[in-house]
> 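Please see the structure below; I have some questions.
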Amino acid sequence: MKNRLLRELPSVDELIRNPAFREASSQYSRALLTEAARIALAEVRGLILSGEREEVPADEITGLVFSNIKAILRPRMVKVINATGTVLHTNMGRAVLSPEAVEALQLAAGFNTNLEIDLRTGDRGVRDSLVEDHLKRLTGAEAVSVVNNNAAAVFIALNTLAEGKEVIISRGEIIEIGGSFRLHEIIKKSGCVLKEVGTTNRTHPADYEKAMTDQTAVIFKAHKSNFSVSGFTSEVGLKELVEIGRKRGVPVIEDLGSGALLDLSAWGLPKETVVGESVSAGADCVTFSGDKLLGGPQAGLIVGRAALINRINSNPLKRALRADKLTLSALEATLRLYLNPESLPKTLPVLRYMTRGVLEIDAAARKAGELLKAALGKDFAVIVEDSESVVGGGSLPEHNLPTKVVAITHKTITPGKIFRLFLDNNPPIMGRVGSDKFMLDLRTVEDPRDLIPGTALKTAAGKM
Ligand SMILES: *Cc1c(COP(=O)(O)O)cnc(C)c1O
């Protein structure tokens with residue numbers, strides 16, 4: 001019986017010759033149609049072999065082909081509602097850009113631009129000059145170089161200034177940032193020799209001084225982005241490192257990671273080292289990310305002394321690591337917002353989310369709570385409660401932001417399952433699971449209505 005049913009199935013070629021696909025054949029390629037048909041026939045065969053179905057009508061098979069076409073053509077990168085409370089969520093693309101940056105991106109994507117043309121002369125220009133004057137103004141540095149991300153910035157700075165030579169770094173600063181950025185590995189891959197000094201908790205000026213030889217090419221200082229040490233600790237400040245380096249003509253590179261361009265304590269946030277402070281303390285090169293606290297696109301920014309930046313820009317690796325036109329367009333627009341710092345909490349989404357008051361979040365959470373109660377039905381318990389959000393992206397690791405969340409529980413469905421139900425929504429809603437409940441944090445959600453799932457969630461929950 002099963003064999004007869006299987007034999008009666010059309011071949012892939014026969015299936016796509018079905019008149020139902022006449023229109024589709026002009027709309028989609030033969031390869032796409034064939035793939036969709038092949039998957040559909042495999043699905044039907046599976047249904048028959050498992051005994052689940054005895055008969056699959058022809059129009060059901062063609063229907064399967066159409067849904068497979070749709071699945072193949074479905075966009076893979078989709079909008080996800082970030083209700084985790086994490087402002088810079090690396091797995092969700094870190095900084096949300098400002099409308100100004102989005103507009104700039106659209107322009108750079110859809111038109112030719114003066115990316116590398118000097119509009120005064122018509123001659124070839126330098127792409128980094130699009131952001132150079134803003135970055136100089138905002139950091140006080142002499143020159144800038146823009147690359148793909150901060151890992152690339154560290155890599156090219158070290159390769160340029162210390163290839164084949166020694167890089168001195170404190171044992172307390174050999175850090176790992178998520179996603180396989182480990183400083184000692186980057187130093188090795190950049191062709192430099194790592195020379196560790198001091199201990200995990202304490203490093204003194206003499207440790208650096210003793211380690212300096214004629215092979216020393218760079219003193220490296222790394223910001224402890226995602227952790228902190230306390231207790232019996234000491235580290236050598238940047239100013240002192242600069243003094244030690246100057247005595248021997250050895251440059252100091254500081255990797256700031258997060259890259260705050262302004263003092264965040266002006267908005268009640270913890271003080272982070274501001275890039276301009278490192279520059280004025282004498283760092284020869286400072287590297288930082290474009291998409292962390294700066295709130296722009298993924299980019300690696302190197303600012304510092306012109307002589308060194310020029311060498312970095314002439315390194316053949318610069319061609320491999322340079323930022324693309326989309327990055328530069330969004331970065332330029334983001335930096336322009338910094339020239340009007342008073343409005344920044346309104347204009348820069350990252351700063352807006354970090355500084356959002358708990359009262360405002362509470363009002364949004366209450367609204368979302370009401371709507372969720374109505375949407376989910378009485379089997380779910382929905383309450384608004386206090387919680388804490390984090391900045392994320394390796395920024396301000398010690399500082400949690402007080403927030404309000406909508407906490408959701410169910411008699412029988414576990415918080416982990418509720419998490420996945422919300423993720424199944426269109427668009428997916430990403431919350432967090434903690435202390436036996438599922439939570440939606442309103443800090444990073446513009447509109448409470450974004451958190452209301454479609455009816456499919458209630459239906460799916462009903463079947464659990
Ligand atoms: C985040 C970070 C990096 C890596 O930056 P990406 O832009 O993610 O490549 C490097 N160093 C420090 C100190 C960081 O915080």
Side-chain angles (χ1 to χ4, degrees), residues 86-97 131 135 144-159 167 169-190 192 194 218-229 235 237-238 241 252-261 264 269-275 277-279 283 285-304 312 317-318 320-324 326-328 330-331 334-335 350 354 390-399:
T86 305
V87 177
L88 298 167
H89 199 298
T90 299
N91 306 136
M92 284 194 269
R94 286 194 189 155
V96 170
L97 298 180
V131 294
L135 274 170
V144 313
S145 182
V146 188
V147 287
N148 181 55
N149 56 18
N150 189 34
V154 171
F155 178 70
I156 194 172
L158 286 170
N159 176 268
V167 174
I169 177 166
S170 160
R171 287 198 167 84
E173 293 173 11
I174 302 177
I175 52 170
E176 173 180 317
I177 309 293
S180 81
F181 178 96
R182 304 178 103 193
L183 198 48
H184 62 286
E185 290 171 353
I186 294 274
I187 291 174
K188 204 165 155 202
K189 284 282 179 196
S190 62
C192 309
L194 168 68
V218 160
I219 297 176
F220 195 91
K221 184 158 185 62
H223 186 271
K224 297 187 205 62
S225 291
N226 46 9
F227 72 108
S228 64
V229 284
E235 64 176 286
L238 178 64
L241 287 183
V252 175
I253 300 178
E254 181 168 42
D255 175 20
L256 274 184
S258 290
L261 286 177
L264 298 176
L269 294 161
K271 173 90 172 65
E272 268 289 305
T273 306
V274 176
V275 178
E277 291 170 352
S278 292
V279 171
C285 285
V286 183
T287 63
F288 54 103
S289 289
D291 56 350
K292 291 185 181 172
L293 289 179
L294 196 151
Q298 178 189 306
L301 306 173
I302 314 171
V303 304
I312 290 169
L317 278 174
K318 172 70 194 245
L321 301 176
R322 71 184 184 187
D324 82 314
L326 301 180
T327 300
L328 285 164
L331 182 59
T334 306
L335 293 173
V350 166
M354 285 195 298
V390 296
V391 174
S395 304
L396 313 186
E398 289 291 273
H399 188 74

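Both ligands and their constituent atoms are indexed starting at 1 by order of listing. All residue numbers in this chain count up from 1 along the given sequence. Note that this is a predicted model, so its numbers are computed, not measured.
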> Who's the nearest protein heavy-atom neighbour of atom 15 (O) of ligand 1, and how far?
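Checked against all protein heavy atoms, atom 15 (O) of ligand 1 sits closest to S225 OG, 2.4 Å.
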
> Out of E254, E173, H223, R94, whose heavy atom is nearest to atom 8 (O) of ligand 1?
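Minimum heavy-atom distance to atom 8 (O) of ligand 1 goes to R94.
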
> Check for a donor-acceptor pair, side chain of Q298 on one end and backbone N or O of N148 on the other, with a separation under 3.5 Å.
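Yes, the answer is positive, given that a donor and an acceptor are paired below the 3.5 Å cut-off.
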
> Any side-chain to backbone donor/acceptor pair from N150 onto F288? Under 3.5 Å, distance only.
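Yes; judged by distance alone, with no hydrogens or angles, the pair exists.
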
> From the options V147, D255, N159, I253, select the one residue that forms a side-chain contact (heavy atoms from CB on, under 4.5 Å) with V154.
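Going through the options one by one, the only one that passes is D255.
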
> Is there a side-chain contact between L294 and L301 (heavy atoms, below 4.5 Å)?
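SC-SC contact between L294 and L301 confirmed.
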
> Do N150 and ligand 1 have an N or O pair less than 3.5 Å apart?
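Looking only at distances, the answer is yes, because the N/O contact criterion of under 3.5 Å is met.
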
> I'd like to check which ligand 1 atoms, numbered from 1 as shown, lie under 4.0 Å from a non-hydrogen atom of D255.
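What qualifies from ligand 1 is 10 (C), 11 (N), 12 (C), 13 (C).
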
> Mind checking whether K292 has a heavy atom under 4.0 Å from ligand 1?
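Yes, K292 has a heavy atom closer than 4.0 Å to ligand 1.
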
> Got more than 12 heavy atoms from elsewhere within 6.0 Å of NZ, K188?
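Open: at most 12 neighbouring heavy atoms sit under 6.0 Å from NZ of K188.
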
> Less than 3.5 Å between some nitrogen or oxygen of A151 and one of ligand 1, yes or no?
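The answer is yes, given that A151 and ligand 1 share an N or O pair closer than 3.5 Å.
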
> Is there a polar contact, in the sense of an N or O pair closer than 3.5 Å, between S289 and ligand 1?
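By distance alone, the answer is yes.
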
> Look at atom NZ of K271 and say whether more than 12 heavy atoms of other residues, nucleotides or ligands are closer to it than 6.0 Å.
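For K271, atom NZ is crowded (more than 12 foreign heavy atoms under 6.0 Å).
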
> Which atoms of ligand 1 sit under 4.0 Å from any heavy atom of I175?
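Within the 4.0 Å cut-off of I175, ligand 1 contributes 13 (C).
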
